> 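Handing you this structure, nothing more for now.
No experiment lies behind these values; they were computed from the predicted model shown.
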Amino acid sequence: MAFVALLAGPARAQNVEVFVGHQRATLDVMFFKFFELPARGGQEPSRSDVLFFFRARAGVGYQAADGAPQFGLTSALSWNPSLLKGFAPVLVGQVFNRGPVAKAGVQYARVSRQLTAFSWVVSELQRTPAVDVFALVRAVHPLSELLALFFQVEALASFPTHAEQPFSFTERARVGLQLHRVQLGPALDVSHVGRGEFVHTLNVGGFARVEF
């Protein structure tokens, strides 16, 4: 589904983030973009109800035991008519180290310069699917014309329906200052994988993000 970005016009990333932790480093690119309707009668192009979401994440550990670099690409199309008040049906395509997967479900999105709330509940399109619950909240509180407080939390839970597949839970937090379009501060990533007994990982460090 990544080719959809070309159809949506000039695709610009809302943010590019580098996170350097004590266990691993990650690169994260994310943007939201509504498709535009063609201009008519000399008017400016108008925004459609179709929202395109894209995210690319890559991470590498510092120890040889961490194995190969991990990556994930997510592209999603959702239909967002105003009468649904931010809720929308969504189709998701993802590519991970283990291969591609298609998902479908329900999304909620509220995207602005100072507040972003984005979440979905989606299921894999297969006989024994995993069901994902994802939520992201990002807030910017201005202190002056150039300086602001920045806050972001996100959580992802994956619930497999196959009895032998593990559950997976991930939480990420970013807190810091924003100077114009640059954000800096401490950060942490936490993950829990297992079924009955869980393996827990913690990665603490700092992040730098640039908005476009």
> How long is the straight-line distance from CG of Leu91 back to OG of Ser75, given to the nearest 0.5 Å?
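Rounded to the nearest 0.5 Å, the OG-CG separation comes to 10.5 Å.
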> For Val175 and Pro186, work out which heavy atoms get closest and say how close.
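Answer, listing the atom of Val175 first, then Pro186: O-CD, 3.0 Å.
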> According to the ring-ring contact (aromatic ring centres under 6.0 Å, His included) rule, which pairs have a member within residues 72-107, sequence neighbours left out?
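Listed by first then second residue: Phe87-Tyr108.
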> Between CZ of Phe118 and CG of Leu51, what distance do you get to the nearest 0.5 Å?
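It comes to 6.5 Å.
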> Does some side-chain heavy atom of Val95 sit less than 4.5 Å from a side-chain heavy atom of Phe71?
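Result yes, sub-4.5 Å side-chain heavy-atom pair found.
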> Check Thr170 against Ser191 and note the closest heavy-atom contact, atom names and distance.
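Nearest heavy atoms, Thr170 then Ser191: OG1-CB, 4.1 Å.
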> Once you round to the nearest 0.5 Å, how far does CD of Glu154 lie from OG1 of Thr116?
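Atom-to-atom, Glu154:CD and Thr116:OG1 are 12.0 Å apart.
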> Gln165 versus Ser158: any side-chain heavy-atom pair under 4.5 Å?
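No - every pair of side-chain heavy atoms lies 4.5 Å or more apart.
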> Side chains of Phe212 and Phe31: closer than 4.5 Å at any heavy-atom pair?
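The answer is no; the side chains never approach within 4.5 Å.
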> What closest approach, in Å, do Phe167 and Pro160 show between heavy atoms, and which atom pair accounts for it?
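Of all heavy-atom pairs spanning Phe167 and Pro160, the closest is CD2-CD, 3.6 Å.
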> Do Phe151 and Val153 have side chains that approach each other closer than 4.5 Å (heavy atoms only, starting at C-beta)?
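A side-chain contact exists here, since the closest heavy-atom pair is under 4.5 Å.
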> If you measure from CG on Asn203 to NE2 on His22, what distance do you get to the nearest 0.5 Å?
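So the gap between those two atoms works out to 6.0 Å.
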> Quick one: do Val121 and Phe159 end up in the same hydrophobic cluster if we chain Ile, Leu, Val, Met, Phe, Trp and Tyr together by side-chain heavy atoms under 4.5 Å apart?
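In one cluster with Val121: Phe159, yes.
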> So Glu171 and His192, do their side chains get closer than 4.5 Å, heavy atoms only?
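SC-SC contact between His192 and Glu171 confirmed.
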> Report yes or no: is the cationic atom of Arg57 (NZ for Lys, CZ for Arg) closer than 6.0 Å to the six-membered ring centre of Phe19, at no more than 45° off its axis?
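Verdict for Phe19: no cation-pi partner in Arg57.
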> Taking only Lys NZ, Arg NE, NH1 and NH2, and the carboxylate oxygens of Asp or Glu, determine whether Arg138 and Glu17 approach each other closer than 4.0 Å.
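Between Glu17 and Arg138 there is no salt bridge, as every charged N stays at least 4.0 Å from the carboxylate O atoms.
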> Which value, rounded to the nearest 0.5 Å, describes the distance between Leu147 atom CG and His141 atom NE2?
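Interatomic distance, Leu147 CG to His141 NE2, rounded to 0.5 Å: 10.5 Å.
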> Run the side chain to side chain contact (heavy atoms under 4.5 Å, CB included) check on Trp120 and Val92 step by step: do they pass?
CA-CA 10 Å; Trp120 64 39; Val92 181; 4.0 Å; yes
> For the residue pair Arg24 and Thr201, establish whether any side-chain heavy-atom pair is separated by less than 4.5 Å.
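No, every pair of side-chain atoms sits at 4.5 Å or beyond.
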> Quick one: does Arg172's side chain have a donor or acceptor within less than 3.5 Å of a partner on Leu136's backbone?
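Side chain of Arg172 to backbone of Leu136, a donor-acceptor pair under 3.5 Å: no, none is there.
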> If I compare all heavy atoms of Gln178 with all of Val140, which pair ends up nearest, and what's the gap?
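Nearest heavy atoms, Gln178 then Val140: OE1-CG2, 3.7 Å.
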> So, the side chain of Arg174 versus the backbone of Gly185: is there a donor-acceptor pair under 3.5 Å, distance only?
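Answer holds: no.
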> For Thr128 versus Thr161, what's the shortest heavy-atom pair and its separation?
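Residues Thr128 and Thr161, closest heavy atoms: C-OG1, 3.2 Å.
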> Could you give the distance from CD (Gln14) to CZ (Phe54), rounded to the nearest 0.5 Å?
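Gln14 CD to Phe54 CZ: 13.0 Å, rounded to 0.5 Å.
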> Is the closest side-chain donor-acceptor distance between Asn80 and Ser78 under 3.5 Å?
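Result is yes, a qualifying pair exists.
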> Is a side-chain donor or acceptor of Glu124 paired with a backbone partner of Ala130 at a separation under 3.5 angstrom?
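It does hold such a pair.
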> The criterion is side-chain hydrogen bond (donor to acceptor under 3.5 Å, both in side chains); which residues satisfy it with Ser123, sequence neighbours excluded?
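Partners of Ser123 by the side-chain hydrogen bond (donor to acceptor under 3.5 Å, both in side chains) criterion come out as none, since no residue qualifies.
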> Would you sort out whether Val101 and Leu125 count as a side chain to side chain contact (heavy atoms under 4.5 Å, CB included), showing the intermediate values?
CA-CA 8 Å; Val101 61; Leu125 301 178; over 6 Å; no
> Are the side chain of Asp189 and the backbone N or O of Gly205 linked by a donor-acceptor pair below 3.5 Å?
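Such a contact is absent between Asp189 side chain and Gly205 backbone.
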> Other residues, nucleotides and ligands only: do more than 12 of their heavy atoms fall within 6.0 Å of CZ on Arg110?
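Incorrect, the count does not exceed 12.
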> For the residue pair Leu149 and Leu177, establish whether any side-chain heavy-atom pair is separated by less than 4.5 Å.
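Counting from C-beta outward, Leu149 and Leu177 do come under 4.5 Å.
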> Looking only at heavy atoms, what is the nearest atom pair of Pro69 and Asn97, with distance?
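Pro69 and Asn97 have their closest heavy atoms at O-ND2, 3.0 Å.
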